[in-house]
Amino acid sequence: MPKNKKTEWQVGDPAISVVSDQFCNPYPMDLLVKRKVQNFSKDYYEVFDPSGNLLLQIDGQAWGFNRKRVMRDPAGFTILSMRQKGLALKNKWEVHGGESKEREDLLFTVQQSQAVSLKTSVDVFLPENNNVKKTNTCDFHASGGYSNISFKVFKSDALIAGVGVTHKFTWGSFCKGKYNFKVRVNPEVDYAFIIALLVMVDDNENWC
């Protein structure tokens, strides 16, 4: 990542559409993300706007290898699918539009920046970027998670979204997997893309 002073994506900057233009708004968005565990192997996330309207829902496997998560709209229609790719020192996910696995429907690839780190950090590559193995050429970079209390997404040196964890800590509630995120998405930034990244980074953090 560049060592320059970080800037922030603002009104008037070009739209960042990764999943779809419909998830880009011309104003900052404040979202509430709630995570709950359904059973030992499954959990789910719900995303709400400040008025309490459901915007997105994500379910899938909380444990195991080759995990799959699906993001849906409030009516239950599939927006994208996130699939973890096998065993590796660096966790890797591929995200496709809808339920597809086809290369032409690939939206982006996410790979853990370092195999061992005290802080979860991932690099994001768009389909036209063939340099997945060269982490200094990624299209986006994200870091943070529950144990780090914050989560930030950058495009080059510009901050495009930030997340804070809101949680009244008790060991019981933490190990039940119940906690919330407050997400601030900057103007013209695809919030479905940001939420997908948040879920994948959070997956790397969960151990209860």
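Residue numbers count from 1 along this sequence.
- Interatomic distance, CD of Gln57 versus CE of Met71, reported as 10.5 Å (0.5 Å rounding).
- Residues Phe23 and Phe77 are members of separate hydrophobic clusters, defined by side-chain heavy-atom contacts under 4.5 angstrom among Ile, Leu, Val, Met, Phe, Trp and Tyr.
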Please report the C-alpha distance between Lys182 and Val33 in whole Å, then the side-chain angles of each, then the deciding distance to 0.1 Å, and finally whether the side-chain contact (heavy atoms from CB on, under 4.5 Å) criterion is met. CA-CA 6 Å; Lys182 284 187 176 180; Val33 182; over 6 Å; no

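- Hydrophobic cluster membership is shared by Val110 and Leu126, with clusters built from Ile, Leu, Val, Met, Phe, Trp and Tyr side chains linked at under 4.5 angstrom.
- Using a 4.5 Å heavy-atom threshold, the side chains of Gln111 and Trp93 count as separate.
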Stepwise side-chain contact (heavy atoms from CB on, under 4.5 Å) test for Lys85 and Arg67: CA-CA 8 Å; Lys85 305 301 290 183; Arg67 286 179 291 176; over 6 Å; no

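- We find the CG-CG distance between Leu198 and Leu31 to be 10.0 Å, quoted to the nearest 0.5 Å.
- Residues Val124 and Cys138 fail the side-chain proximity criterion, which asks for heavy atoms closer than 4.5 Å.
- Minimum interatomic distance between Pro187 and Trp9 (heavy atoms only, all atoms of both residues): O-CD1, 3.3 Å.
- The distance from the CG atom of Asp13 to the CD atom of Gln10 is 6.0 Å, given to the nearest 0.5 Å.
- At least one side-chain heavy atom of Val95 sits under 4.5 Å from a side-chain heavy atom of Met200.
- Here the side chains of Leu56 and Ile79 are in contact, with some heavy-atom distance below 4.5 Å.
- With sequence neighbours excluded, the residues satisfying side-chain contact (heavy atoms from CB on, under 4.5 Å) with Lys152 are Phe154, Leu159.
- Taken from CG in Asp157 to OG1 in Thr7, the straight-line distance is 4.5 Å, to the nearest 0.5 Å.
- Inter-residue side-chain proximity for Pro26 and Glu188 is flagged as met; some heavy-atom pair is nearer than 4.5 Å.
- Closest heavy-atom contact between Arg83 and Glu99: NH2-O, 2.9 Å.
- Between Val201 and Phe151 the shortest side-chain heavy-atom distance falls below 4.5 Å.
- Partners of Glu102 under the side-chain contact (heavy atoms from CB on, under 4.5 Å) rule, at least two apart in sequence or in another chain, are Ser100, Glu104, Asp105.
- A distance of 13.5 Å separates CD in Gln112 from NZ in Lys92, rounded to the nearest 0.5 Å.
- Here the NE2 atom belonging to His96 is positioned 7.5 Å from the OG1 atom belonging to Thr109, to the nearest 0.5 angstrom.
- Here the rule is side chain to side chain contact (heavy atoms under 4.5 Å, CB included) with Ile16, and of Val185, Asp139, Val153, Ile160 only Ile160 fits it.
- Side-chain contact between Leu80 and Leu107: present, with at least one pair of heavy atoms (C-beta onward) separated by less than 4.5 Å.
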Could you go through residues 190-197 and list every donor-acceptor pair under 3.5 Å that involves a side-chain atom there, pairing it with any protein atom two or more places apart or in another chain?
residue, atom, partner, partner atom, Å
Asp190, OD1, Ala192, N, 3.1
Asp190, OD1, Phe193, N, 3.1
Asp190, OD2, Val18, N, 3.0
Asp190, OD2, Val19, N, 2.6
Asp190, OD2, Ser20, N, 3.1

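- At distances below 3.5 Å, not a single donor-acceptor pair connects side-chain atoms of Asn25 with backbone N or O atoms of Tyr27.
- The closest donor-acceptor contact from the side chain of Ser81 to the backbone of Gly98 lies under 3.5 Å.
- Applying the side chain to side chain donor-acceptor pair (under 3.5 Å) rule to Asp59 yields the partners Arg72; only residues at least two apart in sequence or on another chain are considered.
- Under the side-chain contact (heavy atoms from CB on, under 4.5 Å) criterion, Arg184 pairs with Pro28, Asp30, Asn186, not counting sequence neighbours.
- Contacts of Asp21 classified as side-chain contact (heavy atoms from CB on, under 4.5 Å), with partners at least two apart in sequence or in another chain: Ser17.
- A continuous path of Ile, Leu, Val, Met, Phe, Trp and Tyr side chains, each step under 4.5 Å between heavy atoms, connects Leu55 with Tyr45, placing both in one hydrophobic cluster.
- Stacking of Lys34 on the aromatic ring of Phe48 is recorded, both the 6.0 Å distance cut-off and the 45° axial limit being met.
- Considering only heavy atoms from C-beta on, Asp43 comes within 4.5 Å of Arg35 through its side chain.
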